[in-house]
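Down below is the structure, laid out as structure tokens.
Bear in mind the structure is a predicted one, so any value in this text is a computation, not a measurement. Here is the naming used below: chain letters follow the sequence lines, and residue numbers restart at 1 for every chain.
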Number of protein chains: 2
Amino acid sequence: MFLSTYESKIDAKNRVSVPASFRKALGGDDVICVWPSFGKNKNCLEGGSKKLVNNLYKSIRKMKPMDPRRQALEYGILGECKELQFDGAGGRIVLPQKFLDSAGITGEVAFVGLGERFEIWSKEALEAKRAEFIELAADSGEMIESLDLDFDFDDEDVA
Amino acid sequence: MFLSTYESKIDAKNRVSVPASFRKALGGDDVICVWPSFGKNKNCLEGGSKKLVNNLYKSIRKMKPMDPRRQALEYGILGECKELQFDGAGGRIVLPQKFLDSAGITGEVAFVGLGERFEIWSKEALEAKRAEFIELAADSGEMIESLDLDFDFDDEDVA
DNA sequence: CATCAATTCCCATGGTATCCCTAATTATCG
DNA sequence: CGATAATTAGGGATACCATGGGAATTGATG
């Protein structure tokens with residue numbers, strides 16, 4: 001499970017360190033999947049394990065062929081997704097220039113863990129985004145307690 | 001179940017002892033999850049077991065993708081939550097500097113048990129907060145008696 | 001076939017976080 | 001009240017991680 005936010009730098013070769021905890025969450029996988037987010041006001045990259053993309057693919061195949069949502073997912077994710085390999089023991093990946101451009105990333109990036117997927121933001125863009133939703137957020141305690149958290153949990157469900 | 005309030009000090013390495021009773025409430029888990037509260041006037045950290053976060057995650061996944069509450073929870077909790085490991089047998093965790101800053105914590109902290117979750121306050125901030133509550137609280141006896149306490153209680157339900 | 005550019009691989013280093021051992025304080029029990 | 005255990009707190013050594021640079025490899029081009 002990807003959690004928390006980590007900041008990291010991109011070097012002249014477009015290399016970036018994937019946070020160690022994210023690598024652990026991959027459970028030994030030596031690849032990671034990344035694609036540009038196509039949400040309206042989400043100027044970032046998204047990513048996850050190979051398994052996540054596989055599951056996504058399975059879900060897509062269950063949708064009706066002409067469903068516009070299906071097409072959006074097919075072209076937006078499967079069609080754009082890159083399987084990036086870690087550089088040796090360093091735990092770095094190389095982000096394609098095209099991806100960096102589309103997310104407006106230059107020097108510093110932030111990895112944001114969101115459960116079974118994560119997002120990669122330009123550091124500044126993320127700060128702006130955060131300010132935006134904190135406005136919207138009510139009291140987090142209330143929000144938590146409004147949820148049904150009282151059920152048994154099976155660890156197998158979440159990596 | 002996290003109950004009561006305990007005070008504790010932060011050392012130069014940002015280490016803090018988690019109250020023994022809280023550790024027992026975790027039932028042998030060697031990690032604890034903490035994130036900054038994003039409520040408007042809640043200048044503290046929140047935390048709970050890994051299981052709590054997992055359940056939270058499951059609840060979030062049931063919400064509509066574009067629900068602003070969902071995004072607030074995703075970015076506010078999952079995106080911020082750190083899985084902190086206990087330092088050996090000592091029962092201490094290291095709080096990230098960022099967290100301390102956001103909660104205005106310097107030297108002394110207070111753990112406040114709230115059932116499934118707990119809060120970590122700067123000692124002074126909590127005292128101020130308490131004074132505020134006591135202002136608001138009318139007759140606490142009446143308040144307790146207004147609750148529905150007439151049900152069977154099963155110890156198993158609460159860790 | 002030679003040259004240049006781009007990418008991949010490998011090692012080096014500085015900083016940080018983790019682990020381990022020890023002392024002081026507090027709680028528990030006889 | 002005294003003795004023992006458990007918890008909290010402090011400091012040093014170690015391992016890990018993020019990052020930088022250089023060498024080797026590949027691929028494209030003339």
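- In the helix from C:dC1-D:dG30 to C:dG30-D:dC1, the rotation axis of the first five pairs and that of the last five pairs differ in direction by 30°, rounded to 10 degrees.
- Remark: B:Phe86 pairs with no residue by the ring-ring contact (aromatic ring centres under 6.0 Å, His included) rule, at least two apart or across chains.
- Residues satisfying the side-chain hydrogen bond (donor to acceptor under 3.5 Å, both in side chains) criterion with B:Asp29, sequence neighbours excluded, are absent altogether.
- For B:Phe99, the ring-ring contact (aromatic ring centres under 6.0 Å, His included) criterion is met by no residue, not counting sequence neighbours.
- Nucleotides of DNA chain C lying under 4.0 Å from heavy atoms of chain A occupy a range whose first and last members, 5' to 3', are C:dT8 to C:dC10.
- Residues satisfying the side chain to side chain contact (heavy atoms under 4.5 Å, CB included) test with A:Val53, not counting sequence neighbours, are A:Cys33, A:Trp35, A:Leu78, A:Cys81.
- For A:Glu124, the side-chain hydrogen bond (donor to acceptor under 3.5 Å, both in side chains) partners two or more places apart in sequence, or in a different chain, are A:Ser122.
- With B:Ser49 contributing its side chain and B:Leu26 its backbone, the two residues share no donor-acceptor pair below 3.5 Å.
- Not counting sequence neighbours, the partners of A:Asp11 by the side-chain hydrogen bond (donor to acceptor under 3.5 Å, both in side chains) test are A:Arg15.
- With sequence neighbours excluded, the residues forming a side chain to side chain contact (heavy atoms under 4.5 Å, CB included) with A:Asn54 are A:Lys50, listed by chain and number.
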Base versus backbone protein contacts along nucleotides 6-11 of chain D [heavy-atom cut-off under 4.0 Å; B, S, -]:
-SBBBB
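- For A:Lys42, the side-chain hydrogen bond (donor to acceptor under 3.5 Å, both in side chains) partners two or more places apart in sequence, or in a different chain, are A:Glu119.
- The backbone N or O of A:Ala20 sits nowhere less than 3.5 Å from a side-chain atom of A:Tyr6 that would complete a donor-acceptor pair.
- For the pair A:Trp121 and A:Thr5, the minimum side-chain heavy-atom distance is 4.5 Å or more.
- Side-chain contact between A:Lys98 and A:Glu80: present, with at least one pair of heavy atoms (C-beta onward) separated by less than 4.5 Å.
- Across residues 97-109 of chain B, not one residue has a non-hydrogen atom less than 4.0 Å from an atom of DNA chain D.
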